[in-house]
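Below: the structure, in structure tokens.
This is a predicted model, so every value here is computed, not measured.
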Amino acid sequence: MSSPARRWIGGNRLTLLEGGEQYYPRVFESIREAQHEVMIETFILFEDKVGIALHEVLVQAAQRGVQIDLTIDGYGSPDLSPEFISSLTKAGVRVHVFDPRPKLWGFRTNLFRRMHRKIVVIDGRRAFIGGLNFSADHLADFGPQAKLDHAVEIEGPVATEIQRFTHEALARGQPNRRWFRRRVPLPAGQSAPPVGRAEVMLVTRDNGEHRTDIERHYRIAIRAARKRVWIASAYFFPGYRVLHELRRAARRGVDVRLILQGEPDMPIVKVGANMLYHHLLRAGVHVHEYVEKPLHSKVALADDEWATIGSSNLDPLSLSLNLEANVVIRDGAFNQNLGERLQQLMQTSCKEVRDEHLTEPRLWLLVRSFFVFHFLRRFPAWAGWLPAHVPRLAPARECLPETVDAVTEHGAEQGAA
């Protein structure tokens, strides 16, 4: 089965969604309106108020005859109860677990090649893609550790392309193709009708044919930029080539701004980014730390038309190991809207890092820069040495034997999924 074409598709309408307060109501409303099919891929699904709300709308949709496939990651979603899963599968929801592994001495072993995508597709007509998982820590009332994140709601022909991708990702995981029959066949050669003017391309990263696609689109946009490149990235420790393009862009007069974590959910995140600050500031890159709460966004824009949003961070895990999905966008209105939001964040919720704020000894900076430079340059090759098994895409029943009414399936998610 061939991979979906990486091509620009016009005729789409886009809505930028910020935070769980905007994202979850739109997703849940769309599921309630679904007529035929709901496809969901998520790294994290927690059994909290967001996960329970998702559970409720999925059960209701399945009971009225909507076909539902829910894929969760075995590392990111390890603690769902048998009752939670069983009530989904009894209603007819097909729950798939990517690379489920038992714990070894209390530690999870499925550390690499995670399914990190966050995709929702409704009837092949509407899709959501971004960085939000289904967990309450994306809501403001979670407290100081509530995460800021973004997603985009897409209506139009590219939603059908995303639907095809999710179908193919599931089908590649089923050795018993006769079992894996679709109650809702994909329309051959048909797409959702045009509803807008935005051009959109689905871009994925896998461990097969598309290992560097997302990184490559970043580099192309940065290299072509003449006015501005603004990036908000939760985890920022990119490859050497991305750093090189950012520095080159700043030196030729492009307004290069990075919004990074100032109050990270994991301290190591800030340590990694800090190692690059001198290198970036000396070239004229502006670094802003978001200090209001943890930043979880993965968005970028260039000049007045180009933007990207999705699940991929600019760090070694996303760029060299995880299975990721972004959309790349050519649309002036979306670019402007995203730019205004990022501008507001920088003005009201960030502090700019300046060279005088960095007080480390010069000799240590030179030594550290040498090692960071060579790590970033060689990590993509080193990543190939890490476990590259063919991850299993298993039914919930295999992971939770108590869910006796779960559908039975066995499979393997090929690296290109």
Side-chain angles (χ1 to χ4, degrees), residues 1-16 37 39 41 116-131 151-172 182 185-225 229 241-242 245 298-312 318-319 322-335 338 413-417:
M1 185 176 296
S2 61
S3 299
R6 271 45 176 189
R7 58 192 176 93
W8 290 105
I9 299 175
N12 303 284
R13 181 166 57 218
L14 308 176
T15 303
L16 178 67
E37 180 189 67
M39 305 283 290
E41 294 184 340
H116 197 244
R117 301 187 294 254
K118 290 92 173 175
I119 296 174
V120 179
V121 193
I122 313 294
D123 294 334
R125 299 294 185 265
R126 185 187 307 272
F128 299 83
I129 191 166
V152 61
E153 179 180 352
I154 305 169
E155 301 169 85
V158 81
T160 309
E161 191 78 0
I162 298 171
Q163 179 196 32
R164 290 193 180 101
F165 170 79
T166 56
H167 274 247
E168 292 181 359
L170 278 180
R172 274 192 294 271
R182 310 301 303 179
L186 275 172
Q190 299 180 21
S191 295
V195 294
R197 303 179 61 180
E199 292 184 296
V200 182
M201 181 189 303
L202 172 65
V203 183
T204 60
R205 201 222 79 85
D206 58 42
N207 298 307
E209 298 177 359
H210 304 286
R211 294 173 182 265
T212 62
D213 286 16
I214 293 176
E215 180 184 359
R216 180 168 53 84
H217 277 275
Y218 265 98
R219 297 200 324 266
I220 291 171
I222 297 168
R223 191 179 308 133
V229 173
R241 290 179 292 183
V242 172
E245 294 297 345
K298 309 99 168 54
V299 301
L301 61 83
D303 290 345
D304 299 322
E305 294 283 332
W306 187 94
T308 187
I309 186 168
S311 67
S312 181
S318 282
L319 296 178
N322 290 343
L323 307 184
E324 306 281 2
N326 276 34
V327 286
V328 179
I329 296 162
R330 289 197 301 219
D331 181 63
F334 186 86
N335 177 291
L338 178 59
E413 166 80 285
Q414 301 295 335

query: Any side-chain heavy atom of V328 sitting closer than 4.5 Å to one from V200?
result: no

query: Do you know which two heavy atoms are closest between I214 and A325, and how far apart they sit?
result: CD1-N, 4.4 Å

field: N322 (side chain) donor-acceptor with L319 (main chain) under 3.5 angstrom
entry: no

message: Please check this pair: side chain of D123 against backbone of R125, looking for a donor-acceptor N/O pair closer than 3.5 Å.
response: no

query: With side chains defined as the heavy atoms from C-beta onward, is the minimum distance between S191 and E161 less than 4.5 Å?
result: no

query: Which residues pass the side chain to side chain donor-acceptor pair (under 3.5 Å) test with N326, sequence neighbours left out?
result: T308

- prompt: For the side chain of E305 and the backbone of G332, is there at least one donor-acceptor N/O pair under 3.5 Å apart?
  reply: yes

Distance-only criterion, 3.5 Å: show the donor-acceptor pairs between side-chain atoms of residues 216-224 and protein atoms not counting sequence neighbours.
residue	atom	partner	partner atom	Å
R223	NE	E245	OE2	3.2
R223	NH2	E245	OE2	3.4

query: Given I154 and V327, is the side chain to side chain contact (heavy atoms under 4.5 Å, CB included) satisfied, shown in steps?
result: CA-CA 10 Å; I154 305 169; V327 286; 3.9 Å; yes

- prompt: Roughly how far apart are W8 CH2 and R330 CZ, rounded to 0.5 Å?
  reply: 4.5 Å

- request: Identify the two heavy atoms, one from P157 and one from P194, that lie closest to each other, and give their separation to 0.1 Å.
  value: CD-CA, 4.0 Å

field: Set of side chain to side chain contact (heavy atoms under 4.5 Å, CB included) partners for R197, sequence neighbours left out
entry: none

field: side chain to side chain contact (heavy atoms under 4.5 Å, CB included) partners of D303, counting only residues at least two apart
entry: A225, R226, K227

message: D213: which residues meet the side chain to side chain donor-acceptor pair (under 3.5 Å) condition with it, sequence neighbours left out?
response: H210

- prompt: Can you tell me if N12 uses its side chain to pair, donor with acceptor, with the backbone of A198 under 3.5 Å?
  reply: yes

- prompt: Is there a side-chain contact between R117 and F165 (heavy atoms, below 4.5 Å)?
  reply: yes

- request: For the pair T160 (side chain) and G124 (backbone), establish whether a donor and an acceptor sit closer than 3.5 Å, ignoring hydrogens and angles.
  value: yes

K118 side chain near S311 side chain, heavy-atom distance below 4.5 Å: yes

query: With a 4.0 Å cut-off, would you call R205 and E324 a salt bridge?
result: no

message: Once side chain to side chain contact (heavy atoms under 4.5 Å, CB included) is applied, do any residues pair with E153, and if so which ones, sequence neighbours excluded?
response: T15, L17, R26, R126, F128, E155

query: Do L202 and I129 come close enough that some side-chain heavy atom pair is under 4.5 Å?
result: yes

